[in-house]
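Notes for the one structure printed next.
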Protein chains: 2
Amino acid sequence: MTNKSAAQPRRRASRAGLPPRMAVAVDLVILTLREDTLCALAIERGIAPFRGRWALPGGFVRAGESLEAAALRELEEETGVDAARAGHIEQLATFGDPQRDPRERVVSVAYLAIVPDLPEPRAGGDARDARVLPVATLLSGKVPLAFDHARILDAGVERARAKLEYSSLATHFCAESFTIHALRRVYEAVWGAPLDGPNFHRKVLNTPGFVVETDQMSSGGSGRPARLYRRGGAIQLQPPLLRAEPRAP
Amino acid sequence: MTNKSAAQPRRRASRAGLPPRMAVAVDLVILTLREDTLCALAIERGIAPFRGRWALPGGFVRAGESLEAAALRELEEETGVDAARAGHIEQLATFGDPQRDPRERVVSVAYLAIVPDLPEPRAGGDARDARVLPVATLLSGKVPLAFDHARILDAGVERARAKLEYSSLATHFCAESFTIHALRRVYEAVWGAPLDGPNFHRKVLNTPGFVVETDQMSSGGSGRPARLYRRGGAIQLQPPLLRAEPRAP
DNA sequence: TCAAAAGTGTTAAATGTACACCCATGG
DNA sequence: CCATGGGTGTACATTTAACACTTTTGA
């Protein structure tokens, strides 16, 4: 019916019904907050290709291993953070350009992980060095990333920005208990814009399931001690926290 | 861990540092509207495994072919709709459970396509039959889908529902020019809830870039002729069209 | 003239925004 | 007693939701 069957002597394997096999990898965008700055874990590659360049942590999926399991395994290998301590992990997108790896065809499934208080990473395996660097630095273009990792990182940051608005993702940047102020600093760091403190406070408390009060108070800092909260059960926020866009007068 | 690694000598390749190779497929959730009902294209499988069961259209990615190109090729093969006529196509998620295909390890990258006025599909290739069926039927469980395709379809429908709210996706269900009423019927079909006509009308017109007026009017139907509009340039809607949730009094 | 759909007006309620102001703590 | 951040109050602007009402067509 189409020209297809005629025009296709094309890859004998395919005609025989056997699909080509490809390597499948997972790459991780691991986000955390360091001094009110949005940061990601980056690896300095110790082997070719892109030796000496910064890259996202990742590795190949093993036979019999699910994609999610591979992502969690890589997360633990690179950071020492196990599934329980990881605040949040979700699949981001899949990158499969035929040229994205100069060695051979590699399809990479990217995952986004949020980790509170990411420990100083250990270089190991194929990595010459491993560091938690500001996202702004990594995306500035001054430190070109290996492969298509700049696009992957960008997708991860965009996903995080979008999800703060309508999900409880922000709480995963915080330790188990946190002040409303700390939560606000997460929003301000990820969105890169200041928010009104009083209104933010009310909005968070009026969003059912977002946070739950504890009977503890913060201590030590300057100023009045603040109440500590824990993550509530809500996954989606209704109504969403709006990303304030200053209105034109 | 599973009986699988025992059955295989665990691919010596993997121990030598060479990653295992896997087949990579694309599967398509192709949504359209038929008589105000959200429908998806389904294929009745003519070959094992799952012979005789309904499945989503899809196929293996070829060597040297990008994922997106594979998705567009499958879309055209199964529906005759080329990239230009497809309203919208986007990557949805990747499904890679080791057991999802009983033959061998297949990682499937799912795509979501929206096509206005999907033509009656032609069965061909490995398909015994091809039909446009209501999503509600396919997800009801009465017609079990092959592989993990119920999960994929569900993810596609959920993505479409969510994106109607904050993107101009709904316009891609419509022909090139359409009335505001037709656009509203898209929202009502996908969300499964009625919307207030007058308020919807204003909201659409007040959302910059959502639709642009033409100088033509609809003809033929009963009632007053309506103005026709085209898709505007906006991708994201600001403010979003809210999914009306009847308020508890 | 009636039914059906298009489109405009109107109003009460809910929400968002900006900022004044009091509270509790450490220096 | 002052700086710092925590938290509440409040007034105003904006948005939303509900629905009455007018317009324009085909039957």
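In what follows, chains are A, B, ... by sequence order, proteins preceding strands, each numbered from 1. The basis for the numbers below is simple: all heavy atoms, side chains too, and nothing from hydrogens, waters or symmetry mates.
- With rounding to whole Å, A:His201 atom NE2 is found 17 Å from D:dT10 atom C1'.
- Distance, B:Arg184 CZ to C:dG7 P: 11 Å, rounded to whole Å.
- Residue order along DNA chain D, read from the 5' end via each residue's closest nucleotide, puts A:Ala182 first among A:Ala182 and B:Pro239.
- Heavy-atom neighbours of B:Asp117 CG from other residues, nucleotides or ligands within 6.0 Å: at or below the threshold of 12.
- Closest to the side chain of A:Arg224, from the set D:dA18, D:dT16, D:dG5, is D:dG5.
- In this structure, B:Asp196 places its CG atom 12 Å from C1' of C:dG7, rounding to the nearest Å.
- In the set C:dA5, C:dA6, C:dA18, the nucleotide with an atom closest to the side chain of B:Ala226 is C:dA6.
- A donor-acceptor pair under 3.5 Å is absent between the side-chain atoms of A:Arg161 and the main chain of A:Trp191, judged by distance alone.
- As a whole-Å value, the separation of B:Gln238 CD from C:dG16 C1' is 14 Å.
- Residue B:His181 places at least one side-chain N or O closer than 4.0 Å to OP1 or OP2 of C:dA6.
- Under 4.0 Å is where a charged nitrogen must lie from a carboxylate oxygen, and between B:Glu76 and B:Arg85 no such pair does.
- Atom pair A:Met217:CE and C:dG26:P shows a separation of 12 Å (rounding to whole Å applied).
- Side chain of B:Pro225, nearest nucleotide from C:dA24, D:dG6, D:dT25: D:dT25.
- If you check every strand for non-hydrogen atoms under 4.0 Å, B:Pro198 touches a base.
- Residue B:Leu228 contributes atom CG, which lies 15 Å from atom C1' of C:dG7 at whole-angstrom precision.
- Between B:Phe147 and B:His149, the ring planes lie tilted relative to each other; the angle falls in the 30° to 60° range.
- For A:Leu241 and C:dG16, the CG to P distance is 9 Å, given to the nearest whole Å.
- Atom CD of A:Glu35 has 12 or fewer heavy atoms from other residues, nucleotides or ligands within 6.0 Å.
- Judged by distance alone, with hydrogens and angles left aside, B:Arg202 brings a side-chain donor or acceptor within reach of the base of C:dG9, the pair sitting under 3.5 Å.
- As a whole-Å value, the separation of B:Asn206 CG from D:dA17 C1' is 15 Å.
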